[in-house]
There are 2 protein chains.
Amino acid sequence: MSPAATLDNAQARAAVLRSANAVFYARGIAGVGMADIRNDSGVSLRRLYSLYPSKRELVAAWLTDRHTIWMEWFTSSVDRCRTAGEEPLLAAFDAIAEWASSPGYRGCAFVNSAAETAEIDDTHRRIIAAHKESLLTYLISLARDGGYAEPERLGRMIGVLLDGAMVDAAVLRSCEPIVAARDAAAVLIDASQ
Amino acid sequence: MSPAATLDNAQARAAVLRSANAVFYARGIAGVGMADIRNDSGVSLRRLYSLYPSKRELVAAWLTDRHTIWMEWFTSSVDRCRTAGEEPLLAAFDAIAEWASSPGYRGCAFVNSAAETAEIDDTHRRIIAAHKESLLTYLISLARDGGYAEPERLGRMIGVLLDGAMVDAAVLRSCEPIVAARDAAAVLIDASQ
DNA sequence: TTGACATGAGAATGAACGTTCTCCTATAGT
DNA sequence: ACTATAGGAGAACGTTCATTCTCATGTCAA
């Protein structure tokens, strides 16, 4: 099959997606060329195009991949706090706060990508919307598990707060909006007892 | 001085900014070329560059201009509802909901611009952050005028909700997040009585 | 009228970038 | 060993775009 020295398709795809994740998030889709992906991943342009026939398709693959990665990170962060006895719906904000404090934080990759009209097509838009729907579904399930009144309503309210927190923390380069959002979430949760 | 048939600098600037506002918001900064601005405004490239020495400076002028325009629209919308007897902090969400229902809605221009790393520089980022600070100041003043406990805290919570509502309405192409945000704001306001 | 200057229309320049192509190496199956 | 094929390196192509330049026109002050 493949020689030991080179990567098989699955390995090459993984390398490309890893680079795409780093570089698209850091510099935006329009700010990254295919040559940048090649330089970062070590996968040649030729192979890159054999794996992903166009930049659009690479972006779609990246968004899909990032959805999985992000949701795994997010749910496991919440889980960790849940087992530590914290209210999961509040733990969500702690996870975001920790992320926002880390170097290179630029807000939500999906929101940022959606803002780049020139680089985004309808396929991308659908992936992004599906990601937000998925996040909402998860938050609603947390609200349901918590036994609150009107879990769907509570979950949606928390969802708007979370997105606002991610965006404002990036724009203002501060965790203060996340603190305010968490604070608000606590009030909403109290009111849903 | 200037011939009657041509525009003086002030008129040309106004025409350029009007076009910039339409086209940068609709297609993003990277999605618009200087030639597009010329085509839309009728101001020649040469004059365009004599008014704004670079695209960066045009973008900065647009952001500054849009801040003024948007804040005027927003505060007057809130005022209109205030005189109609509605709680101003809730009227804010109604204003956003009406905007989001109008054709061409693409979320908050400042958030979208901040997401375009490749096109945005530090000057732009400062204008954007100042806009959000200004919005926050206004919301806090509304909370203060409403006589609520901890108006700064309430204003900041409403601010995160508003931004989340604008973003999510754009991403999901739905007013539902705005409704959820308004709903949450009502609970927060109640809790601040 | 004449010369200095502003302006418009749009061509030219130079860089960036998505995508394809060429040349060359190395491997795998025979 | 021999050929067909995959893959790498990176040049080449075609386009887009910010920015500048040229040429032609028109205006104002004298």
Side-chain angles (χ1 to χ4, degrees), chain A residues 1-20 22-24 26-63 113 116-121 123-124, chain B residues 1-17 19-20 22-24 26-63 113 116-124:
Chain A
M1 300 287 148
S2 296
T6 51
L7 284 57
D8 66 23
N9 282 352
Q11 289 173 313
R13 272 180 207 272
V16 168
L17 287 179
R18 203 160 44 76
S19 296
V23 84
F24 280 145
R27 312 213 300 268
I29 298 171
V32 173
M34 295 297 267
D36 296 321
I37 301 283
R38 174 199 53 190
N39 294 341
D40 194 84
S41 67
V43 173
S44 71
L45 273 184
R46 187 190 188 127
R47 182 99 100 125
L48 195 42
Y49 275 93
S50 83
L51 296 171
Y52 304 99
S54 69
K55 187 181 180 184
R56 295 183 114 65
E57 303 195 41
L58 172 57
V59 169
W62 165 56
L63 288 170
S113 296
E116 285 194 59
T117 0
E119 297 288 324
I120 287 284
D121 65 22
T123 302
H124 302 151
Chain B
M1 298 287 144
S2 294
T6 52
L7 284 56
D8 65 24
N9 280 354
Q11 290 172 313
R13 271 181 207 271
V16 168
L17 287 179
S19 296
V23 83
F24 280 144
R27 312 213 300 267
I29 298 171
V32 172
M34 295 297 267
D36 296 321
I37 301 281
R38 174 199 53 191
N39 294 340
D40 195 83
S41 67
V43 173
S44 72
L45 273 184
R46 186 188 191 129
R47 181 101 98 123
L48 195 42
Y49 274 93
S50 84
L51 297 171
Y52 303 100
S54 68
K55 188 182 181 183
R56 294 183 115 65
E57 303 195 43
L58 173 57
V59 169
W62 164 57
L63 289 170
S113 296
E116 284 193 59
T117 4
E119 298 288 326
I120 286 284
D121 65 23
D122 226 58
T123 303
H124 301 154

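Naming: A, B, ... by sequence-line order, numbering from 1 per chain. Quick caveat, the model's predicted, so the values are computed rather than measured.
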Minimum heavy-atom distance between [X] and [Y], given as atom pair plus value:
X        : Y         : value
Arg47(B) : Asn9(B)   : NH1-OD1, 2.8 Å
Ala12(B) : Leu51(B)  : CB-CD1, 3.6 Å
Ala30(B) : Ala118(A) : C-CB, 4.4 Å
Arg56(B) : Asp121(B) : NE-OD2, 2.9 Å

Exercise. Looking across every strand, which nucleic acid part, if any, lies under 4.0 Å from Val43(A) by heavy atom: base, sugar-phosphate, or nothing?
Worked result: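 No contact.
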Exercise. Among the nucleotides dT19(C), dA9(D), dG8(C), which one has an atom lying closest to any side-chain atom of Ser44(B)?
Worked result: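 Of the options given, the side chain of Ser44(B) lies nearest dG8(C).
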For this session: Name the closest nucleotide to the Met34(A) side chain, picking from dT19(D), dG18(C), dG8(C).
Result: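 Within the option list, the nearest is dG18(C).
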Rounded to the nearest angstrom, tell me the gap between atom [atom1] in [X] and atom [atom2] in [N].
X        : N       : atom1 : atom2 : result
Ile37(B) : dA18(D) : CD1   : P     : 9 Å
Glu57(B) : dA18(D) : CD    : P     : 15 Å
Leu45(A) : dC17(C) : CG    : C1'   : 11 Å
Tyr52(A) : dT20(C) : OH    : C1'   : 20 Å
Asn9(B)  : dC5(C)  : CG    : P     : 18 Å
Arg38(A) : dG18(C) : CZ    : P     : 11 Å
Leu58(A) : dC17(C) : CG    : P     : 15 Å
Asp8(B)  : dG8(C)  : CG    : P     : 12 Å

Exercise. Would you say the base of dG7(D) and the side-chain of Arg47(A) have a donor-acceptor pair closer than 3.5 Å?
Worked result: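 No.
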Exercise. Looking only at N and O atoms, is any donor in the side chain of Arg46(A) or the base of dT19(C) less than 3.5 Å from an acceptor on the other one?
Worked result: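 For Arg46(A), whose side chain was compared with the base of dT19(C), there is no donor-acceptor pair (under 3.5 Å).
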For this session: Using heavy atoms to find the nearest nucleotide of DNA chain C for Ala30(A) and Ser50(B) separately, return the residue whose nucleotide is more 5′.
Result: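 Upstream on the strand: Ser50(B).
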For this session: For atom CZ of Arg18(A), decide whether the heavy atoms of other residues, nucleotides or ligands shown that lie under 6.0 angstrom number more than 12.
Result: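 No, the 6.0 Å shell around CZ holds no more than 12 heavy atoms from other groups.
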